[in-house]
Trainee: 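Attaching a single structure in structure tokens format; questions to follow.
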Amino acid sequence: MPPPYRPTEIEPAWQDHWRDAGTYQVENDDPRPHYYVLSMYPYPSGKAHMGHVRNYTFGDLIVRYRTMTGHAVLSPMGFDSFGLPAENAAIKTGVHPRTFTDARIEELRSSLVRIGGGYDWRRQVMSHDPGYIRWTQWIFKRFYEAGLVYRRNAPVNWCPGCQTVLANEQVVDGLCERSGDAVERRDLEQWFFKITDYAQQLLDDLDQVEWPERVVVQQRNWIGRSEGAQFEMAVVNADGAETGAAFEVFTTRPDTAFGMTFCVLAPEHPLVGQIVGDDRRAEVEAFVDRARRTSEIDRLSTERALDERGCATGAFARNPFTGEVVPIYLADYVLATYGTGAVMAVPGEDQRDWDFATIFGLPIIETVTRPEGWEGEAFAGDGIHTNSGFLDGLSVADAKAAASAWLAEQGVGGPKVNFRLRDWLLSRQRFWGCPIPVVYCEACGVVPVPDDQLPVLAPDDVEFRPTGESPLRFHEGFLRTTCPECGGPATRETDTMDTFVDSSWYFLRFADPASTEVPFRVGEIAKWLPVGQYIGGAEHAVLHLMYARFFTKALSDLGLVPPDLREPFRRLFTQGMIRLGGSKMSKSKGNLVAPEEIVDTKGADALRLAQLGLKPPQDDVDWEDVSIDGAFRFLSRLWRLAVPGSDMVGSTRSGEQRPADLDIRRATHRLIAEVTADFERWSYNTAVARFMAFLNELYRYVQSDGGPHGDVLDEAIDAVLLVMAPATPHVTAELWKRRRGADAHIHVESWPVADAALLAVDSVTMVVQINGKVRDRLEVPADIGEADAVAAALASPKVMAQLGGADPRTVIARPPKLVNIVS
RNA sequence: GCCCGGGUGGCGGAAUGGCAGACGCGGUGGACUCAAAAUCCACUGUCCGAAAGGGCGUGUGGGUUCAAGUCCCACCCCGGGCACCA
């Protein structure tokens, strides 16, 4: 009796082998063509969950497949090991975040090994490693020197739950995307990356990447480019006399400026206090105060009545187009952080302005001719301008250009492009992050820590208080230092960096992990980057991917990576999310089986196969749909047939091959061709279906009357093992070794190539339709001509019976696949 | 509101305009067994029919075509993204 399939015995042995033999270690000067496969490095949360399994199975499949196709594959892994959970655990339990994090990393690393991941562990990086922190800080300093980092006092998003500020990208619907707390507005001195310098490039270069359209669209939306005009408006008295004050407005509709009947400033606009009339001062101050206290979520709400949202200032401004005087209002929907924080209001052509004008009793002027039968309020469509001075008679597009040009001529403004993208707020008031390497000197001001004193590390002897405040703020030994420039007393920055800073360059370090003078050498980067295939969750569509793109462009401009490396990730695949199954969530949550338990019982290969076969990779997955039994059953079937001494096979024939043998040979080569095509197009679920269908066919073959031909069966089994190797690496390796000998290793074999001669078929099933309905199927030669095909179809007894002697009106022949008889 | 996806058996899902439902799960029957499990084999969209065979079927309604799940128009539903950005 041959041994049964026991994955728990064979899998650890192969994992040891891959580690000891360095199967997935790769050198930078490897002569094979280079290919960089990268799965997003995980936050170390402990043992792998299903999301990890799904993500890293796809990545590993590609690594193993590309290795077999003859590439030198860079397959690194690391850990995004800074972040709030470790700090929260520290506050709760008193365990230092490093101790906590190191333990979680070991759990996750072990999980990744146990699901069969093939990585070059020598290249591992961890965000919290002092060796990594040093370079994060080093890069920060290069950005600082290049003017890409600055510090300013700004209204920021403060999450009371996380006790830290958040980037705009981390605020969703006015709530913290992490904790769900309502985000408050605070004014704080904060560090920013000048990502807006790259707004246009970040937009343009999206054309260069092969990414899911969904992600590209999200990035475009986030960057939010809009073209328009910006111009100055003088603040005047009610009688039109200049006050000397002025403000700028941005508009995408300069063509409608003749219809401006008021303008609106953000409550935070710096001019507010200066221009407000004395009789309005109390009311305006109350309004501004209320707006500042209103939470982000309420301020974004469109539910609130407009009359609560706006307030007259009693001041006026002059419309440069008409020379007329219009009142200045405040409204909380005008955002201080977008454009100039001030807008012109044209109620005739903008619905929001129309609503506002109606509430506050302001005039409405139509400057674009309405279409016939127009019954709406504001009209935002195209039309011919009217009531618009020199713009009358022009279309919207022409009037926009003419208005912008006129502004430039007058010297009061001109065309302007605005972006929704804001600078990246990187300060975090947390302990467990990369310290910002600057000190504050009473004499010299802000002084970066010299390179030779990096890394700046947080001290270990800290006390985590439940107040949520960073312990760095109270650690005298850390706080008190001397100024590197004057030697005088100085204090350290206690804020740390957003953890997205760490993940914005880790993929570069992987290419040159041992570099000592610089974080990575340009020449080594050129050997691997850009990443050939990046794999990760769609939830990073905006945040991580935007930041990493920005870093790459900035580093490229600084000469730290090759000048032509403008995009870090050439191809991106975003797999679906794991859902905890809709309404049954609470019930099924208790029954969830952890991946490691499945590995312990059914093996990693069954787990991987179940994930791959379940549904298309980009689809979301319901946890309870992941069924391991079918996958395990299939692998057992494979084993029973392929293991030497199989009791399924019995005796085999040799010598002359029969038609049935040729059929199997054809099926074998079709399998190779089809799986290859499926792998190339990320259709793993159909590839798994092909494995199964092929094995079913082999089972029928070995049990057929004549029995299997030995050579034919060997070829078939070899082929299925090879094409399955990237998907189920352990069982295929074990069977290969048992069939080929102790030194045989399937993962260093070449990917099989289908024999074209065997893919060509000489007879096919031709479908015969009458009026589009299938009436018969005929075996015909593959090279059958049109006349023969029609003749064969008309000769079919079933067709003759259906036609009942009547002559067909038309016959459409598409030999050799189909004949359609129209009667 | 706008922009993307998507609606196919009991379920997950397959299908370059040319055999709808590959493959799996679940189910039914059979073989093996004292029996059960495991395994192997067969069947499994739906309706009519003893069968042969036939009718109907891819969210709804139209259209293009010899032929539509696939293309076009309108609509309904679900999922995701954006949404006071001037």
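Fair warning: this is a prediction, and the values are worked out from it, not measured in the lab. Order of the sequence lines fixes the chain letters, A, B, ..., with proteins taken first and strands second; residue numbering starts at 1 for each chain.
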Trainee: 5'-most contact on RNA chain B: W222(A) or F419(A), nearest heavy atom basis?
Mentor: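 Result of the comparison: W222(A).
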Trainee: R690(A) near the nucleic acid: base, sugar-phosphate alone, or nothing, with a heavy-atom cut-off under 4.0 Å?
Mentor: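 No contact at all - R690(A) keeps every heavy atom at 4.0 Å or more from the nucleic acid.
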Trainee: Using 30° and 60° as the class limits, which term best fits the ring planes of F58(A) and W682(A): parallel, tilted or perpendicular?
Mentor: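 Because their plane-to-plane angle lies in the 30° to 60° range, the rings of F58(A) and W682(A) count as tilted.
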Trainee: Within this structure, what is the CZ-CH2 distance for the pair F419(A) and W222(A), rounded to the nearest 0.5 Å?
Mentor: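 Going from CZ on F419(A) over to CH2 on W222(A), the span is 15.5 Å.
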Trainee: Using heavy-atom distances to pick each residue's nearest nucleotide on RNA chain B, tell me which of N771(A) and T686(A) is more 5'.
Mentor: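 With T686(A) and N771(A) compared, the 5'-side residue is T686(A).
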Trainee: Please determine whether a side-chain nitrogen or oxygen atom of K773(A) lies at a distance below 4.0 Å from atom OP1 or OP2 of rC56(B).
Mentor: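 K773(A) to rC56(B) OP1/OP2: side-chain N or O found under 4.0 Å.
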Trainee: With both distances under 3.5 angstrom, what nucleotide forms a Watson-Crick or G-U wobble pair with rC19(B)?
Mentor: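 Paired with rC19(B), as far as the under-3.5 Å criterion goes, is no nucleotide at all.
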Trainee: When we call it a touch if two heavy atoms are under 4.0 Å apart, what does R670(A) touch: a base, just sugar-phosphate, or nothing?
Mentor: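 Touches nothing.
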Trainee: Indicate, with a heavy-atom threshold strictly under 4.0 Å, whether V774(A) touches base, sugar-phosphate, or nothing.
Mentor: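 Contact class for V774(A): sugar-phosphate only.
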Trainee: Of the nucleotides rC82(B), rA14(B), rG54(B), which one has an atom closest to the side chain of R775(A)?
Mentor: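 Side chain of R775(A) sits closest to rG54(B).
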Trainee: Could you tell me whether the phosphate oxygens of rC82(B), OP1 or OP2, come under 4.0 Å of any side-chain nitrogen or oxygen in R420(A)?
Mentor: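 For rC82(B), neither OP1 nor OP2 has a side-chain N or O of R420(A) closer than 4.0 Å.
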Trainee: Return the pairing partner of rG61(B) with a 3.5 Å limit on both distances, Watson-Crick or G-U wobble; otherwise return none.
Mentor: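 Base partner found: rC73(B).
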Trainee: Rounded to whole Å, please give me the gap between CG in D629(A) and P in rG27(B).
Mentor: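 So the CG-P distance, D629(A) to rG27(B), works out to 11 Å.
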Trainee: Taking the six-membered ring for Trp, is the centroid-to-centroid distance between F360(A) and F262(A) below 6.0 Å?
Mentor: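 No - the distance between ring centres of F360(A) and F262(A) does not fall below the 6.0 Å cut-off.
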Trainee: Between K615(A) and rG13(B), is there a contact of a side-chain N or O with OP1 or OP2 at under 4.0 Å?
Mentor: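 Yes.
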Trainee: Using a 4.0 Å heavy-atom cut-off across all strands, classify Y699(A) as base, sugar-phosphate, or nothing.
Mentor: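 Here Y699(A) touches the backbone only, sparing every base.
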Trainee: Between atom CD in Q611(A) and atom P in rG24(B), what is the gap in whole Å?
Mentor: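 To the nearest whole Å, that distance equals 19 Å.
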Trainee: Measure from NZ or CZ of R420(A) to the centre of the six-membered ring of Y338(A) and say whether it is under 6.0 Å with the direction within 45° of the ring axis.
Mentor: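 No, R420(A) does not lie over the aromatic ring of Y338(A).
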Trainee: So, does S226(A) get its side chain near the phosphate of rA86(B), meaning an N or O under 4.0 Å from OP1 or OP2?
Mentor: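 For rA86(B), OP1/OP2 do have a side-chain N/O of S226(A) under 4.0 Å.
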Trainee: Measuring from H269(A):NE2 to L335(A):CG, what's the distance to the nearest 0.5 Å?
Mentor: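 Between atom NE2 of H269(A) and atom CG of L335(A) there are 12.5 Å.
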Trainee: Which nucleotide, if any, forms a Watson-Crick or G-U wobble pair with rU39(B), using both distances under 3.5 Å?
Mentor: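 rU39(B) is paired with rA31(B).
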Trainee: Check whether any side-chain nitrogen or oxygen of R214(A) sits under 4.0 Å from OP1 or OP2 of rG6(B), and answer yes or no.
Mentor: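 No, no such contact exists.
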Trainee: Any strand is fair game: report the nucleotide pairing with rA14(B) by Watson-Crick or G-U wobble, both distances under 3.5 Å, or none.
Mentor: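 Check on rA14(B): unpaired, no WC or wobble geometry under 3.5 Å.
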Trainee: My understanding is that a pair needs two contacts under 3.5 Å, Watson-Crick or G-U wobble. By that rule, which nucleotide pairs with rG79(B)?
Mentor: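 Paired with rC4(B).
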Trainee: Centroid-to-centroid, F356(A) to W354(A), below 6.0 Å?
Mentor: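 No - the distance between ring centres of F356(A) and W354(A) does not fall below the 6.0 Å cut-off.
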Trainee: Round to the nearest Å and state the distance from N820(A) atom CG to rC19(B) atom P.
Mentor: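 Distance check: N820(A) CG to rC19(B) P gives 11 Å.
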Trainee: Under 4.0 Å from OP1 or OP2 of rC85(B): is there any side-chain N or O of R352(A) that close?
Mentor: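 So the side-chain polar atoms of R352(A) do come within 4.0 Å of the phosphate oxygens OP1 or OP2 of rC85(B), strictly under.
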Trainee: Among the candidates rA15(B), rA42(B), rG24(B), find the nucleotide nearest to the side-chain atoms of R700(A).
Mentor: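 Out of rA15(B), rA42(B), rG24(B), the nucleotide with an atom closest to R700(A)'s side chain is rA42(B).
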Trainee: Roughly, in whole Å, what's the span from CG in L545(A) to C1' in rG81(B)?
Mentor: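 Checked: the CG to C1' distance equals 15 Å.
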Trainee: If I pick the P atom on rA15(B) and the same atom on rC23(B), what distance separates them, to the nearest angstrom?
Mentor: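 Those two atoms are separated by 13 Å.
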Trainee: Does rG53(B) pair with anything, Watson-Crick or G-U wobble, both distances under 3.5 Å, and if so, with which nucleotide?
Mentor: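 Its partner is rC48(B).
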Trainee: Nearest 0.5 Å, what's the CZ-CG distance between R608(A) and L612(A)?
Mentor: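 Interatomic distance, R608(A) CZ to L612(A) CG, rounded to 0.5 Å: 7.0 Å.
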Trainee: R640(A) side chain N/O closer than 4.0 Å to the phosphate oxygens (OP1, OP2) of rA38(B)?
Mentor: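 Negative; the distance criterion is not met.
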Trainee: Should rG9(B) be called syn or anti, with syn set as within 90° of 0?
Mentor: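 Syn, which is what one calls it when the glycosidic angle falls within 90° of 0.
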Trainee: Can a side chain N or O of R633(A) be found less than 4.0 Å away from OP1 or OP2 on rC25(B)?
Mentor: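 Yes.
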Trainee: Report yes if at least one side-chain N or O of Y333(A) is closer than 4.0 Å to OP1 or OP2 of rA86(B); otherwise report no.
Mentor: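 For rA86(B), neither OP1 nor OP2 has a side-chain N or O of Y333(A) closer than 4.0 Å.
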Trainee: Base, sugar-phosphate or nothing for G224(A)? Non-hydrogen atoms, less than 4.0 Å.
Mentor: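 Nothing, no nucleic acid heavy atom in range.
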Trainee: In whole angstrom, give the distance that lies between atom CG of L635(A) and atom C1' of rU39(B).
Mentor: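 My rounded result for the distance is 16 Å.
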Trainee: To the side chain of A689(A), which of rG18(B), rA22(B), rA86(B) is closest?
Mentor: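 So the nucleotide nearest the side chain must be rA22(B).
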Trainee: So, is N685(A) near the phosphate of rA14(B), with a side-chain N or O under 4.0 Å from OP1 or OP2?
Mentor: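 For rA14(B), OP1/OP2 do have a side-chain N/O of N685(A) under 4.0 Å.
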Trainee: Would you say rC41(B) has OP1 or OP2 under 4.0 Å from some side-chain N or O of Q703(A)?
Mentor: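 Yes, within the criterion.
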